[in-house]
Amino acid sequence: MFEILHRDGPARIGKLSVGGKVIHTPTILPVIHPFKPEPWISQIRELRLEGLITNSYILKKGNYPNGKDLHDFLNFDGMIMTDSGTFQEHMYGEIKEGNLEMVQFQDQVGSDIITIRDVFSEFDQEREEILSGLKETYRRGLEAREASKGYLAYPVQGGIYSDLRIESASLMQSLGGEYYPIGGIVPLMERYRYEDVVNIIINSRKGLRTSSVVHAFGAGHPMFFPILFLSGVDVVDSSSYIKYAREGRILTDTGTIELDEIAEELPPSPYFDSLTLDELRKMPEGERREIIGKHNLYVTVKEISKIREQIRKENLWNYVEYRVRAHPLLLGAYQALLKHYEYMEKFESRSKKSPVFFSGKETLERPLVRRFIDKERKRRSGVVIERKPYSYFAMNPADFVRTPFGTISLYLDETYPVAQSLFPGEYYEKDISFEKFRNPEWNDFLREKVNYIFNYQFGVKLFKIIDKNEMGFVISKNTGKIRNVTYRNEILISLRATDGLFSLNMTSAKLLHAALQYPKLRIAVDQEISSFIKEGRNVFCKFVKEADRELRPGDEVLIVDDADNLLSYGRTLLNREEMLEFKSGMAAKNRLKSTE
Ligand code: GUN
């Protein structure tokens, strides 16, 4: 069972529970050679990793003690995934161990995540050949499902053909599993063909349910992780840390350094701390390999924890744009990702905890920014204000603002991402006072502003649903900005200082409910839980019956029962597709206050 705990667009921090074992994603499963587990298992424990992957084909060929549990054998009680020999077939030619044999073996040894024997699609293979491989992989999936009660991973193949990736993903997900590794990408990774890998990941995701766990087979270089996880990967596995170490190659978050070519000093690492460059070079080979391997695994794991931090801060896009500048082919991969606008946009909230930092023309093509520009960019004449905060410099409510996003309404001055963005040449004004807004002269401006933002956010003008002569404002004592909008002397909505969008309360929720047709702005939940929702409990995916397609993560939402009776209001964590596809986890936070 998989659920989302935090998210930033398509990237998510999730929790996967399989048979009592838990891993938190995004994460890496280091590849362990089953007969040479040390010192790596000890390091995995030290780094507090929750899982690993090992190879059942190597186990089966080796001297694996009959009937022994793999966790005992490896002395590791976390999540163990096993691969099936497909990669060995790709590397060394046909193997005789068939699908059923490998699946049953993985079952017997007590693997937590069992991989079927997929057919590896080579990136330079003919379409027809790939297609017949996909069909065979699907057949093996069916066969494995019949034969095993274990938790099965169904790989998605399809080479670099977009349509075949989508088709393979749809086929494999029709088997009803949850865990989908994306296969056939190692040869592309080795050639730095990051653009192809990103397209493969996103196309595969298009054919999968949003609630699937997406695993990238062998995409283990940390410099690729930011964009890999932004593409929506949840798990990677990798043996790069050992493979590179064997060749004296040191991983860093921006690339690879050859030990032989370093002139100055070793990169910072707890594993190199007491060593000079010379000492490391002169070490016996085995010892050196172990130290470099440990360093390599360490930087790999640290990069993932950095990415998790960025997801929590909702800062991943800024981070990715910074990190893809390490290599032109990473930048190319990011540009390829941006071309999937229609798909990516659905996962993007309308405001984030972090601002939009401009780092190049790609920033304006981020789905969140592009959606805003498509909706709000207007051609207008009038006085143009180019300095922030725009409304401070406005002399007249009819002025317009020219922003790096285009010419937009002055009314969106405080709204994300207009105010919460930074472009070269923009400086923060200090000690700005919005005192002028206390002057009745600006009252109409404030009214229009509220009306405009309301329409931008909820798709209906506030003045259509209330009498504007009965509305008033609570202005902040400190900043002079609007804090609350009142209606007939009751608070109706609050303008959030953080993103310049409104928060609802029960009064405004009722008005919106009456003004907008079902299912607009709504999540409809099972009648059975109505009383819980009315008490302020959060909405969990398994109770969601229907939801508005236009909802995005972070939106204000009306919570209704399946007969459209208003129960409460809240804030979404997921979009509609996710709410309906996930079986566990939260869909929306209930924000009903106990006083209402
Ligand atoms: N390891 C790396 N690539 C693959 C793949 O495509 N399939 C399987 N089963 N394992 C892999």
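Predicted model only: the values in this text are computed from it and were never measured. Whatever order the structure lists them in is the order used to number ligands and atoms, beginning at 1.
Between G184 and ligand 1, an N or O atom pair is found at a separation short of 3.5 Å.
Between Y64 and F73, the ring planes lie perpendicular to each other; the angle is over 60°, past the 30° to 60° tilted range. The aromatic rings of F224 and Y194 lie parallel to each other, with less than 30° between the two planes, well short of the 60° mark.
Contact analysis leaves R117 out of contact with ligand 1, as no non-hydrogen atom separation drops below 4.0 angstrom.
The atoms of ligand 1 that sit less than 4.0 Å from any heavy atom of F120 are 3 (N), 4 (C), 5 (C), 6 (O). The distance from ligand 1 to the heavy atoms of V186 drops below 4.0 Å at these ligand atoms: 2 (C). Atoms of ligand 1 lying under 4.0 Å from at least one heavy atom of T86, given by number and element, are 7 (N), 8 (C), 9 (N). Set against the non-hydrogen atoms of G183, the atoms of ligand 1 under 4.0 Å away are 5 (C), 6 (O).
Among all protein heavy atoms, the one lying closest to atom 2 (C) of ligand 1 is F87 CD1, 3.3 Å. At the top of the distance list for atom 11 (C) of ligand 1, counting protein heavy atoms only, stands D83 OD2, 3.4 Å. For atom 4 (C) of ligand 1, the nearest non-hydrogen atom of the protein is F217 CD1, 3.5 Å.
At a heavy-atom cutoff of 4.0 Å, ligand 1 is contacted by no atom of H90, backbone or side chain. Of the heavy atoms in D118, only side-chain atoms (C-beta onward) come closer than 4.0 Å to ligand 1.
With K352 as the fixed residue, the side chain to side chain donor-acceptor pair (under 3.5 Å) test singles out one of N318, N315, D8: D8.
R370 forms a cation-pi arrangement with Y341, by the criterion of a distance under 6.0 Å to the ring centre and an angle within 45° of the ring axis.
One distance of note links CD of Q88 with NZ of K61; it measures 10.5 Å at 0.5 Å rounding.
Looking only at side-chain heavy atoms (C-beta outward), E50 and K21 stay at 4.5 Å or farther from each other.
The salt bridge (charged side-chain N to carboxylate O under 4.0 Å, His left out) search around R312 returns none, not counting sequence neighbours.
Screening residues 141-152 for salt bridge (charged side-chain N to carboxylate O under 4.0 Å, His left out) gives R139-E143 as the qualifying pairs, with residues at least two apart or on separate chains.
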